[in-house]
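Quick notes on the structure that follows.
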Amino acid sequence: MEELSKRYSPGDIEDKWYAHWMLGGYFHSEPDEREAYSVVIPPPNVTGQLHMGHILNNTIQDTLIRRARQEGKNACWVPGTDHASIATEAKVVNLLREKGIRKSDLTREEFLKYAWEWKEKYGGIILHQLKKLGASCDWERTAFTMDEVRSEAVIDVFIDLFNKGKLYRGKRMVNWDPSAQTVLSNEEVLYEQEKATLYKVRYQIEGTEDEWITVATTRPETILGDTAVAVHPDDGRYKHLHGKRAIVPLINRKVPIIADAYVDREFGTGALKVTPAHDVNDYEIGLRHNLDVVDVLNPDGSMSAAAIMFVGLDRDKARLEMYKALSVEGHIVGTEDLIHNVGRSERTRVVVEPRLSLQWFVDMKQIAGPALDAVMNGEIDFYPENLKNTYRHWMENIRDWCISRQLWWGHQIPAWYLMQDDEELVFVAKTEEEALESARQQTGRSDLQASALRRDEDVLDTWFSSWLWPISVFDGWKNEKEFNYYYPTSVLVTGWDIIFLWVARMIMAGYEWKEQKPFQDVYFTGMVRDKLRRKMSKQLGNSPDALELIEQFGADGVRYGVMASAPAGGDILFDDKLCELGRNFCNKIWNALRLIKSWNVDPSIEQEEGRKLGIRWIRSRMNVIDAELRQQYAQFRLSEGVTALYSFVWDDFCSTFLEIIKPTYGEASDAESYEAALQVFEEICKLLHPFMPFITEEIWHQLRARIGGDDCIVARIAEKPGEVDEDVIKTLEHILTVKSAVLELRNQYQLSPKETIVLIHPSEEELISLWNKPAAKSILLKLSNATADEGESSGVSFLAGKYQYYAALHIEIDREAELKRMNEELVYYEGFVISVDKKLSNEKFVANASPEVVEKERQKKADGESKIEQLKRSIEQLN
RNA sequence: GGGAGUAUAGCUCAGCUGGUUCAGAGCAUCUGCCUUACAAGCAGAGGGUCCGCGGUUCGAACCCGUGUACUCCCACCA
């Protein structure tokens, strides 16, 4: 029945089995009496497309989930998406702009209508793409951070924090994104070293003809907002100026010259222009010295009316114009190049502007404690562990979290304001009615109308919903049964780049509201980079199209490629080549199947001894790998695990085992060997399934006819690994050593693999352990394509392990070359024995080393000596 | 400025408890094979100062110190 193609073609097979699994309801989980194994997906942006990071991350999760399912646990992987307020809003704004619609022309409701339409149309594409990868998510549980359940949780939590006094509204210096026109949290600002120009600008001292003080700045446009010049109190150069005033150039504003220890005397000119509105440190100085605040920038980064000059001009252009204007007046004393850190918005990449504004903050110090402890005392485990340090450092120095965003796409802050006697009263409530009610009570004005209240326009930071994810996806505040069963989740798999943005905050939320950790283990993946170690990004265009990759190599191939090179925490340097490996592996497995299926079975054939031994061996090897794999899973060393399986399947199963039990050409297989092959292959499918689900399911069904429900995805793996027969493993090791030596011999004498070699039984029988075991001898001869002869020791000799073999070759041997080779070997082994001997005659070694080590050294010496003996004999014979 | 990590074959990396997994794997290169499951395959070969120096130890790729180089995180000086 030769109907299987020579090449494995994944396309149809993958779709077929995914549909089959869905139909079987295997991905769906409901609480029951089994142990739960739950994972929540790091929700991708609802507008996102599958990229290599997702592939890595989700392959790992799927592998863990599938493994848990096979272990008989109630595996539940909750998928979902994140509304990603800034990113999504920016996309919608751009889309509308293409249609000629400006956001500013729309009402909030109109804009949101567009946004939702767009979300319905394009949102969730990424979830569909995950299916292509084989992700066995419980799709019935698909959640969205802005759906009803999740939204309600967000609002409730906000109110709760407010009531507990862990949330406040305050005017602070914040990070402003002039492009998205919203504030950002500290964690959303990325600092990078960039080149800049340091301008030295002179300010005239008030009341002097020609006395100046020179400041240094990278931002001349902010000169228009200067309200002081600061010098170090102990700086002798400027002591005489303390208390005097300087004149801000061009606009002739007179500002005090103040002394503040913040100023670095070494930097620039030692004189600092102070712009409290546009620099965090300047703001602090301003507070200390009671300075005016002149905000010269508009929210979009253009110069404001307060700037007087260049009003409406963008800050970058204004900087150049300012430079020109200062030059003309002779105020530029000099310029120099400077490399300094510039903060950019994570999302829009524009330079972030420090800005004083009124925002909502979470008082993190009040909630960080238990979360810090949980990680430090091992209640939650991090893989790799060293990220605990990073975590601790951040948690110990935690700063307040700015959670309001000047956007529309997101959860609107449930706060209402009422102006009363120049004071703004705040009412945080779930609904307008409730807010009104408390306003009436608090003010005593029972006639107060809702129209008097103004709702906060802002929405909440996306991460303010993400941090509740492990709780909210199980409807943790309403559905006790679900929540208690699945929470805490088993493992979180995510990139270390969001350890602060997300992971730390989830832990805090877990303890804040549930007094429990959100997950047991955190598996941090590395970043996916290209061969040049660059981060994959759209701008660089170095990110391969994930779906195309799957198309090209098959999902299993891609999964293998990504897994094989992804140790926890380590970056993965992605290369298509790796997927090719995976694809080739699939092909290898496929051809093993073709081989087995090509056998005819004849029950009347008696099973040959070598085959029996081969079967005992492969089972032992399998059990070794099985045990190893359990270790690897326990330590999340998945790349090691899948690599071990790869070499087991390729080397042990295909190259050795199948070759041993393969029927001679034209003959049928005995029934026992055939059955054993099927069984071992089934075991392989089970172990490999979590990594490569599609091909293993296909093979599972190709191997035998299955009744409904007998699918690889739910095939249980044994509680414990089976037994290992070390003797059998040793015997085969030796056989393989001899086999390699024979192949080497063939290579050396250019003999075709087809040509049968005659191995000769040497006179010292006791040395040839294999010769006396019929089963072992039979395997050796089969794998080497050799026959045995009982004749004298003659022909070409070769060493295999510690034994010497002879082969009769039907060719003239080159005596000179043989002698030379053997003499070289002799020299090597003599040196070897001397070095071992040295060790053994060292009294300290014998006294201090463990007995096993000493014994091993003795063995080494004995083996070496026996080799020398044999070599000498062979050389003699050849002479 | 504070912290973490890395350095092993041309490339990417294993090497877990210091000792026969001890110098390895895959890729790349080269050689020979269309051998009856698989050329997406098979059989081989070359390739190394385990970053430098010092120390501990009977014994170091592994532990300690130190130097160098690189990577990353945090804070942030105009």
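The shown structure was predicted, so the numbers you read here are calculated from the model rather than taken from an experiment. Side-chain atoms are counted along with the backbone in the values below, which use heavy atoms only and exclude waters and symmetry mates.
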| request: Could you tell me the separation between the CG atom of A/Asn186 and the P atom of B/C74, rounded to a whole number of Å? | output: 11 Å
| field | Sugar-phosphate, base or nothing in reach of A/Tyr646, heavy atoms under 4.0 Å | value | nothing
| message | OP1 or OP2 of B/G59 versus the side-chain N and O atoms of A/Lys844: is any pair under 4.0 Å? | response | no
| Toward the 5' end of RNA chain B, which comes first, A/Arg529 or A/Arg583, by nearest nucleotide? | A/Arg583
| said: Is the distance from the ring center of A/Phe382 to that of A/Tyr391 below 6.0 Å? | reply: yes
| said: On the side chain of A/Asn587, is there an atom forming a donor-acceptor pair with the base of B/C38 - under 3.5 Å, no angle test? | reply: no
| query | B/C38 base to A/Lys588 side chain: any donor-acceptor pair below 3.5 Å? | reply | yes
| message | Does this structure show an ion pair linking A/Lys861 with A/Asp837, if we count only N-O contacts that are shorter than 4.0 Å? | response | yes
| query | Does OP1 or OP2 of B/A39 have a side-chain N or O of A/Lys6 closer than 4.0 Å? | reply | yes
| query | What distance, rounded to whole Å, do you find between the two C1' atoms, one in B/G15 and one in B/A40? | reply | 29 Å
| field | salt_bridge(A/Arg315, A/Glu221) N-O dist < 4.0 Å | value | no
| said: Can you see if the side chain of A/Trp650 gets near the phosphate of B/C42 - specifically, an N or O under 4.0 Å from OP1 or OP2? | reply: yes
| said: Work out how far the P atom of B/U8 is from that of B/C50, and round it to whole angstrom. | reply: 11 Å
| request: Would you mind telling me which of B/G15, B/G44, B/A40 lies closest to the side-chain atoms of A/Arg637? | output: B/G15
| request: Mind calculating the distance between CH2 (A/Trp496) and C1' (B/G5) to the nearest angstrom? | output: 11 Å
| Base, sugar-phosphate alone, or nothing: which one does A/Val263 contact when heavy atoms must sit under 4.0 Å apart? | base
| request: Find the distance A/Leu501:CG to B/C74:C1' and express it as a whole number of Å. | output: 13 Å
| said: If I pick the C1' atom on B/G10 and the same atom on B/U21, what distance separates them, to the nearest angstrom? | reply: 25 Å
| query | In terms of side-chain heavy atoms of A/Asn386, which of B/G26, B/G44, B/A4 is nearest? | reply | B/A4
| said: Please name the nucleotide paired to B/U66 by Watson-Crick or G-U wobble geometry with both distances under 3.5 Å, or report none. | reply: B/G52
| query | Distance from A/Leu678 atom CG to A/Trp599 atom CH2, nearest 0.5 Å? | reply | 8.5 Å
| task | Would you mind pulling out the nucleotide paired to B/A4, Watson-Crick or G-U wobble, both distances under 3.5 Å? | result | B/U71
| query | Quick check, are the ring centers of A/Phe653 and A/Phe681 under 6.0 angstrom apart? | reply | yes
| task | Quote, to the nearest angstrom, the C1' distance that separates B/U36 from B/C30. | result | 29 Å
| said: Under 3.5 Å, is there a donor on one side chain and an acceptor on the other for A/Tyr203 and A/Asp226? | reply: yes
| query | Among B/G19, B/U12, B/G15, which is the nearest nucleotide to the side chain of A/Phe845? | reply | B/G19
| request: In whole angstrom, give me the gap between the C1' atoms of B/C62 and B/G19. | output: 12 Å
| query | In terms of side-chain heavy atoms of A/Val853, which of B/A4, B/G19, B/C77 is nearest? | reply | B/G19
| Nearest-Å distance, CD1 (A/Ile660) to P (B/A37)? | 16 Å
| said: Does the structure show a Watson-Crick or G-U wobble partner for B/A14, both distances under 3.5 Å? Name it, or say none. | reply: none
| Whom does B/C58 pair with, Watson-Crick or G-U wobble, provided both distances fall under 3.5 Å? | B/G19
| remark: Per atom distances to the A/Leu658 side chain, the nearest of B/C42, B/C73, B/A37 is B/A37
| said: So for atom CD, which belongs to A/Glu551, do other residues, nucleotides or ligands contribute more than 12 heavy atoms lying within a distance under 6.0 Å? | reply: no
| task | If B/G47 has a Watson-Crick or G-U wobble mate with both distances under 3.5 Å, name it; if not, just say none. | result | none
| message | Check this one for me: any side-chain N or O of A/Lys577 less than 4.0 Å away from OP1 or OP2 of B/A28? | response | yes
| field | Side chain of A/Leu573 - closest among B/C13, B/A37, B/C73 | value | B/C13
| task | Tell me what A/Cys586 touches on the nucleic acid: a base, only sugar-phosphate, or nothing, going by heavy atoms under 4.0 Å. | result | nothing
| said: Suppose we define a pair by two distances each less than 3.5 Å, Watson-Crick or G-U wobble; what does B/G41 pair with here? | reply: B/C33
| field | Salt-bridge contact A/Glu733-A/Lys730 (side-chain N to carboxylate O under 4.0 Å) | value | no
| C1' spacing across the pair B/C27 / B/C70, given as an integer number of angstrom | 23 Å
| Is it true that A/Arg265 and A/Asp235 have a side-chain N and a carboxylate O under 4.0 angstrom from each other? | no
| query | Heavy atoms under 4.0 Å, any strand shown: does A/Leu743 hit a base, just sugar-phosphate, or nothing? | reply | sugar-phosphate
| request: Sticking with atom C1', work out how far B/U66 lies from B/A7, rounded to a whole angstrom. | output: 16 Å
| task | Return the value, rounded to whole Å, for the distance between atom CD of A/Glu733 and atom C1' of B/U20. | result | 11 Å
| message | Check this for me: A/Gln631, atom CD, are more than 12 non-hydrogen atoms of other residues, nucleotides or ligands nearer than 6.0 Å? | response | no
| said: Taking A/Glu353 first and then A/Arg219, would you say they form a salt bridge - that is, a charged N and a carboxylate O separated by under 4.0 Å? | reply: yes
| Rounded to the nearest Å, what distance is computed from the CG atom of residue A/Asn591 to the C1' atom of nucleotide B/A37? | 5 Å
| Position toward the 5' end of RNA chain B (nearest nucleotide), A/Thr217 or A/Glu640 | A/Glu640
| request: Just call it for A/Leu593: base, sugar-phosphate, or nothing, with non-hydrogen atoms closer than 4.0 Å on any strand. | output: nothing
| remark: Among B/A37, B/G44, B/G5, the one nearest any side-chain atom of A/Arg594 is B/A37
| field | Whole angstrom value for the distance that separates C1' of B/G5 from CG of A/Asn389 | value | 11 Å
| field | Separation between the C1' atoms of B/G48 and B/C22, rounded to whole Å | value | 13 Å
| said: Once hydrogens and angles are ignored, does a donor-acceptor distance under 3.5 Å link the base of B/A37 to the side chain of A/Glu659? | reply: yes
| said: Base, sugar-phosphate or nothing for A/Asn341? Non-hydrogen atoms, less than 4.0 Å. | reply: base
| remark: Between CH2 of A/Trp599 and P of B/U36 the distance, given in whole Å, is 17 Å
| remark: Sorted by number, residues from residues 391-402 of chain A placing a heavy atom under 4.0 Å from RNA chain B are A/His393, A/Arg399
| query | Would A/Arg399 and A/Glu187 pass as an ion pair if we require N to O under 4.0 Å? | reply | no
